[in-house]
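What follows is a single structure, written as structure tokens, with notes after it.
We name chains A, B, ... by the order of the sequence lines, and we start the count at 1 in each one. Atoms considered below: every heavy atom in the structure, side chains included; atoms not considered: hydrogens, waters and symmetry mates.
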Amino acid sequence: MLEELSVKKEPEKGLKALPNAEKGKVVMRFAPNPNGPPTIGSSRGMVVNSEYVKMYDGKFILRFDDTDPDQKRPMLEAYDWYVDDFKWLGVTPDEIVKASDRFDTYYEIAEQLILAGHAYVCFCDGETFKGLKDKKQACPHREAAPEDNLAHWKKMLAGDYEEREAVLRIKTDIQHKDPALRDWGAFRILKKDHPRPEIGNKYIVWPLLDFEGAIEDHLLGTTHIIRGKDLQDSGKRQKYIYDYLGWTYPVTLHWGRVRIEEFGKLSTSGIRRDIEAGVYTGWDDPRLPTVQAIRRRGIQAEALKKFMIEMGVGETDVSMSMDSLYAENRKFVDPIAHRMFFVADPVEMKIDGYAGGVVEAPLYPNQPEMRKIETGNLIVVTREDAGNLSVGSKVRLKDLGNVEITSVSPLAGKYIDNSMETTKKEKMKIIHWAPVDGLKVTVLGPEGNFEGIGERNITAELDKVVQFERFGFCRIDSVDGENVVAYFAHK
RNA sequence: GCUCCGAUAGUGUAGUGGCCAAUCAUUCAGGACUCUCACUCCUGUAACUCGGGUUCGAAUCCCGGUCGGAGCACCA
């Protein structure tokens, strides 16, 4: 039966349409510097770019902008980390390129620009050039003839100059009202090796981002670029090259910075230092805002995607709380997570009059599937719960039965029955428990670690997300005999 | 100093001149349900940066202020 549709327009769900995008013709790229692993922040670019490509049935390129072996030196392992996190997101790039493979192309185009009089070798030191530039004045090298510039360029390539002695600049408009756009640097000299062994110390003239990115975006056929606001001027600078060479600049969108409230001020280099110093166990330490870390904690790729997609592509800086991501994740994980008992900070409790046996407890609330917990009459409860008990008080041990407390230290009780009627009639509090001889469980989480005892069914949950009742969702990271390590996701 | 960009509830968004006494999500508060402090459900609190202008009509257009962000590197 068809219902009368409401006249109200549907709220737009998901990403907004890309300007000038044609189905099947969109080419987009995500271009990180592999100087560390993907973070929650960078995953925005991974998600949004790849989602747009999917939406338009286009082509997606992963490009490594890895041409700074000095300040933002790539990490060899990080190239694979990106591919791996993409795989986790369900994305396989159609093409993967490394800028460090394409020096020769950059050199060719540089030469073209030099010969056409659009680039020159500048011998000013940084400060001198800046001084002139701020006064809208050209430096003497700007007027050199193309042939001379070419000769200087060849000498640069040949290694005749030292670092900082010469730089290749793109001519724009030295009088441009925006100082950020006046004659910008395209290549510098750096007598350093590249971390990739196949590149090593093959090159001493290195392209800077604006040049490298400009050339790549054209050669790769990029139709749409989404990048940070910090690169807004970059597009304007690069357009000069596009104009000189008769290329068409891609459609460009910008977004503001994402700040995750819980993580505040962590920088990649700072984290790296702390890992080396042993403050963190690695890039996937649950306290870190890396994709590796949240994966390990059991955040689902779909949840991260929704989180990023709903944030959209705005130019304002956003400040998000992990709570939103957790709320998203809970929706995915709550229906599938098996319920398990884990008792943090355990206190022993003896139940007199209980023979022990096999307790049946539901794997999911209100559903028939059961799990079995074998236990004797010695169990553990959390120290917190124990603290709320007093002699004579009654409590229900979930799925096991009702108990009247007979002693507080040591904690002991008398078994009453296993009837929910009794529980309700007496308005007992329901607490969780575990057999004393359960597994030794360590939970590692962003706000600290917990030691405790868990039921043995956890063994079967390796690599899965479970809900430790009254504790939170965790991913079972390892099971080694009697020892289990779980990573805490969220409540 | 010069230049560019942005501004809707605590947070993130929807909204492109009348359907907006403003959407959705999350957070927070209260309640219902529940053998978990989870889930689900109900209710509530809470926003168009300010001042002018254009217009019959402005969150939406224009100008100015304020606030915020970014760039002016031989980093990305």
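No donor-acceptor pair under 3.5 Å is formed between the side chain of A:Glu369 and the backbone N or O of A:Leu363.
Taking atom CE of A:Met322 as the reference point, atom P of B:U27 lies 14 Å away to the nearest angstrom. One atom, CG of A:Asp173, and another, P of B:C2, lie 18 Å apart when rounded to the nearest Å. Whole-Å rounding puts the A:Leu15 CG to B:U13 C1' distance at 12 Å. Atom CZ in A:Arg182 sits about 11 Å away from atom P in B:C4, given to the nearest Å. Atom OH of A:Tyr326 is separated from atom P of B:G12 by 18 Å (rounded to the nearest Å). Distance A:Glu328 CD to B:U11 P: 19 Å, rounded to the nearest Å. For the pair A:Met308 CE and B:U11 P, the interatomic distance rounds to 18 Å; values are reported in whole Å. In this entry the distance linking NE2 of A:His254 with P of B:C5 reads 11 Å, nearest Å.
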Original post:
How would nucleotides 34-43 of chain B be written as a contact map, 5' to 3', with B for base contact, S for sugar-phosphate-only contact and - for no contact, using protein heavy atoms under 4.0 Å?
Top reply: -BBBBS----

Original post:
Going 5' to 3' along nucleotides 62-76 of chain B, which nucleotides have protein heavy atoms under 4.0 Å from the base (write B), which only from the sugar-phosphate (write S), and which from neither (write -)?
Top reply: -------SSBBBBBB

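For the pairing with A:Arg73, the side chain to side chain donor-acceptor pair (under 3.5 Å) check across A:Asn33, A:Asn35, A:Asp193 returns one residue only, A:Asp193. Checking each of A:Glu469, A:Gln367, A:His432, A:Gln467 against A:Arg339 for a side chain to side chain donor-acceptor pair (under 3.5 Å) leaves exactly one that passes, namely A:Gln467.
A distance of about 34 Å separates the C1' atoms of B:C24 and B:C63, rounded to the whole Å. A distance of about 13 Å separates the P atoms of B:U8 and B:U60, rounded to the whole Å. Taking the P atoms as reference points, B:A7 lies 15 Å from B:U16, given to the whole Å. Across the P atoms, B:U43 and B:C50 are found 30 Å apart, a figure rounded to whole Å.
Between A:Tyr120 and A:Asp183, the side chains place a donor N or O and an acceptor N or O closer than 3.5 Å (distance only, hydrogens not considered).
Salt bridge A:Glu216/A:Arg29: absent, no basic N to carboxylate O contact under 4.0 Å. Using a 4.0 Å cut-off between a side-chain N of Lys or Arg and a carboxylate O of Asp or Glu, A:Glu127 and A:Lys130 do not qualify as a salt bridge. At a threshold of 4.0 Å, the pair A:Glu328-A:Lys305 does not count as salt-bridged, since none of the basic side-chain nitrogens sits closer than that to a carboxylate oxygen.
For the atom pair A:Leu209 CG and A:Trp184 CH2, the distance stands at 9.0 Å (nearest 0.5 Å).
In this structure B:A29 sits in a base pair with B:U43, meeting the Watson-Crick or G-U test at under 3.5 Å. Base pairing annotation: B:U66 forms a Watson-Crick or G-U wobble pair with B:A7, both donor-acceptor distances under 3.5 Å.
Counting non-hydrogen atoms of other residues, nucleotides and ligands closer than 6.0 Å to NZ of A:Lys414 gives a total of 12 or fewer.
Dashed line: the shortest gap from a side-chain N or O of A:Lys16 to OP1 or OP2 of B:U13 is not under 4.0 Å.
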